[in-house]
Amino acid sequence: MDNETIARTFMELADVLELTGEVQFKVRAFRTASRAIEGFAESIADKVTSGGKLKLAGVGDGMIRRIKELATTGKLEELDERKKQLPGGLMDLMNLPGIGIKTAQQVWKERGITSVDELETAAKQGALRDLPRFGEKREEKLIAAITAWRKRASAPKRWPMAEALETAEALCARVRAMPGVLECQFAGSLRRRRETVGDLDILVAAEASHAIAIMDAWSTMPEVAEILAKGETKTSVVLKGGMQADLRVVPRESFGAALQYFTGSKEHNVAMRTIAVKLKLKVSEYGVFDAKDKSIAGVDEAEVYQAIGLQWMPPEMRENRGEIDLAKNDALPKLVELGDLKGDLHMHTVESDGKSTLEEMIEAARMAGRKYVAITEHSQSLAIAKGVTKERLRAHIQRIRELREKFDGKMTILAGLESDILADGALDMADELKQLDWVIGSVHSKLDMDRESMTKRVVRAIESGMIDCLGHATGRMLGHREASALDIEQVLHALKRTGTAIELNSSPLRLDIHENGARMARDLGVLVAINSDAHSTRELSFLKYGIGIARRAWLGPEHVLTTKSAKALTEWRAARAS
DNA sequence: GCCGTTTTCGGCCCGACTGTTTTCAGTCG
């Protein structure tokens, strides 16, 4: 059973426990454990059932017992029992904004309401206004919230990082131009570069006297579709595309503390604050305060961390996965940066399904600072992407070799191919691969095979020794297509045995291999190639998304194949061929 | 339920906004 399923089950159990009146701290413990499991790099079920020692914050004996039960029986007795005590639709109520545990219980117990439909009817009839803490206005808000909720049900709940990044950067540019704004930066899970983002958190430093005007300007921007809440320090809006964006205004002396706080993650912040409490300090978005409530830090993030005895750490690491202990001991790893990337080993041109010519791609990559590229068209079996035939491939190689002279000294150009891994694990155009400088093997068809067959298929391709790198291993497309069933651990072991690299495909909808896989690769010593898979010159910039994921996986330059110089890459390839 | 160079029991992050209130509970992040 995979970590996601276990995490989801624990999250559901927390909701059910909450509704059935379990003590709050126990409920919270399940949520904490759920998030910890979601972010755990290995299969937690395997780890626990094999009797290995597990050290994961928030997962104690009770959780381990439940993970074992889930892994062996596929379900949780406790969850099924508790669910029997609850009417079916009650859980939906808590998904409505403005409805939490108390209100859900209230309308259920006082009015017998157990579904969103019933709640809407009651609100429209004015049948809720006499309940405690209810009134006409709240009924109105509830009806609007239900309408919006129904509309949202069809829209995505989370947005790809790339789309959120673009929106956030545009909003920040707009905000920076507002009078009185001293600084503006986005925070939240976007700053941590999660692969998808639920909402935007934009942070502003400004004098308090400007706050109201800034909030007015923010809530009347043309991008705004709806205002959810508006105050002097916080205003939440829904943008026209459906994305929620929160603006916070803080004094300049608190900007660092606020940036730290709103960057999260929540678990990271809780762990930080717990350390602060032990030091008799208080951390809030306004700063770090001593026992006498005197501010001792807040202007910038580094001093906030320093005030509680921690090293500053990159946002991508802040998930409470052990980074705090490392920061305590000044032992944080150095993470890979965009500037470290010397090459890009996966891209297409008009020869297959790309939009730009060979010359355009090479020149654009050179301008972007790459020292080498591999041109990797699709192989013949991928007809839909104009996969090259034997003859076309040979002619293409010839053209690439000729171009080498033109770019001599400025750029190393590798003649490559993205060979299709066929259903049985054989490589498309296997006879042609030896003449190439670089070979990627990727699965493009029959993505819905069962786990065992798919794993066998990919492992066979790797063990052929004919590929240098496994391309977009899981085949997922965020929001469109689930990852293929694949035993990543077995695949990584095969890569390790054969000295083959794994790709971190930076295309924003792929981000494949995902961060947990990249983390496992790092731990196993499998090199990761951060590639753009660009189909146009514009898409060469996708590398910035891959870098975000790589950093979340704690990859340093030494774990990344494409940080090597062209010479070192050639040597690496020669060594693995021998 | 988890956790521990103050604790194996007794804690468990902190503040803004809203609606319904005359001081606060609930929700959210």
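Chain letters run A, B, ... following the sequence lines, proteins first and then strands; every chain starts at 1.
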Span that lies between the P atom of dT21(B) and that of dA16(B), in whole angstrom: 24 Å
Of I99(A) and G62(A), the one whose closest DNA chain B nucleotide lies more 5': G62(A)
field: Span of DNA chain B, from the first to the last nucleotide whose atoms fall under 4.0 Å of chain A heavy atoms
entry: dG1(B) to dG29(B)
query: Looking only at heavy atoms, what is the nearest atom pair of I513(A) and A518(A), with distance?
result: CG1-N, 4.0 Å
R158(A) versus T196(A), side-chain donor and acceptor atoms under 3.5 Å: yes
message: Going by the rule side chain to side chain contact (heavy atoms under 4.5 Å, CB included), which residues pair with Q185(A) if we only count those two or more places apart in sequence or in a different chain?
response: R191(A), F255(A), L259(A)
message: Over all strands shown, is R133(A) touching base, sugar-phosphate only, or nothing at heavy-atom distances under 4.0 angstrom?
response: base
Under 3.5 Å, side-chain donor or acceptor atoms of residues 56-67 of chain A against the rest of the protein: list the pairs with distances, not counting sequence neighbours.
unit_1 : atom_1 : unit_2 : atom_2 : d
R66(A) : NE     : E78(A) : OE1    : 2.6
R66(A) : NH1    : G62(A) : O      : 3.1
R66(A) : NH2    : E78(A) : OE1    : 3.3
R66(A) : NH2    : E78(A) : OE2    : 3.0

task: Looking at every strand, decide which applies to V283(A) at a 4.0 Å heavy-atom threshold: base, sugar-phosphate, or nothing.
output: sugar-phosphate
- prompt: C1' atom, dC9(B) versus dC14(B): distance in rounded Å?
  reply: 25 Å
task: Look at all strands and tell whether E136(A) reaches a base, only sugar-phosphate, or nothing, counting heavy atoms closer than 4.0 Å.
output: sugar-phosphate
query: For the side chain of E323(A) and the backbone of R321(A), is there at least one donor-acceptor N/O pair under 3.5 Å apart?
result: yes
query: Which is true for T103(A) with a 4.0 Å heavy-atom rule: it touches a base, it touches only sugar-phosphate, or it touches nothing?
result: sugar-phosphate
task: Determine the contact category for L281(A): base if any of its heavy atoms lies under 4.0 Å from a base atom, sugar-phosphate if only primed atoms, P, OP1 or OP2 are that close, otherwise nothing.
output: nothing
- prompt: If you look at every strand shown and take non-hydrogen atoms under 4.0 Å, does E232(A) touch a base, only sugar-phosphate, or nothing?
  reply: sugar-phosphate
message: Classify A57(A) by what it touches in the nucleic acid, base, sugar-phosphate, or nothing, heavy-atom distance under 4.0 Å.
response: sugar-phosphate
message: With rounding to the closest Å, how many angstrom separate the C1' atoms on dC2(B) and dT20(B)?
response: 37 Å
task: Go ahead and name the base partner of dT8(B); Watson-Crick or wobble counts if both distances stay under 3.5 Å, otherwise write none.
output: none
- prompt: Taking the P atom of each, how far is dG15(B) from dG10(B), in whole Å?
  reply: 26 Å
- prompt: Hey, does D199(A) reach any base, or is it just sugar-phosphate, or nothing, if we go heavy atoms under 4.0 Å?
  reply: nothing
field: dG1(B) versus dT5(B) - spacing of their P atoms, nearest Å
entry: 22 Å
task: Determine the interatomic distance between P on dC17(B) and the same-named atom on dC12(B); round to the nearest Å.
output: 25 Å
With sequence neighbours excluded, residues passing salt bridge (charged side-chain N to carboxylate O under 4.0 Å, His left out) with K84(A): E81(A)
- request: Using a heavy-atom cut-off of under 4.0 Å over every strand shown, decide if M63(A) touches base, sugar-phosphate, or nothing.
  value: sugar-phosphate
query: 5'-most contact on DNA chain B: A104(A) or I64(A), nearest heavy atom basis?
result: I64(A)
Check: residues 123-133 of chain A side-chain donor-acceptor pairs under 3.5 Å, at least two apart:
unit_1  : atom_1 : unit_2  : atom_2 : d
R129(A) : NE     : E139(A) : OE1    : 3.0
R129(A) : NH2    : E139(A) : OE1    : 2.9
D130(A) : OD1    : R111(A) : NH2    : 3.0
D130(A) : OD2    : R111(A) : NH2    : 2.9

- prompt: What is the nucleic acid contact for Y261(A), judged by heavy atoms within less than 4.0 Å: base, sugar-phosphate only, or nothing?
  reply: base
query: Looking just at side-chain N and O atoms, do Y305(A) and Q260(A) make a donor-acceptor pair shorter than 3.5 Å?
result: yes
field: Rounded P spacing from dT8(B) to dG19(B) in Å
entry: 46 Å
message: Regarding R31(A), tell me which of base, sugar-phosphate or nothing describes its non-hydrogen contacts under 4.0 Å with the strands shown.
response: nothing
query: Contact class for K278(A) vs. all strands (heavy atom < 4.0 Å): base, sugar-phosphate, or nothing?
result: base
- line: By salt bridge (charged side-chain N to carboxylate O under 4.0 Å, His left out), R248(A) pairs with (sequence neighbours left out) none
query: Counting any heavy atom closer than 4.0 Å, what does K266(A) reach on the DNA or RNA strands: base, sugar-phosphate only, or nothing?
result: base
field: Anti versus syn assignment for dT5(B), with syn defined as within 90° of 0
entry: anti
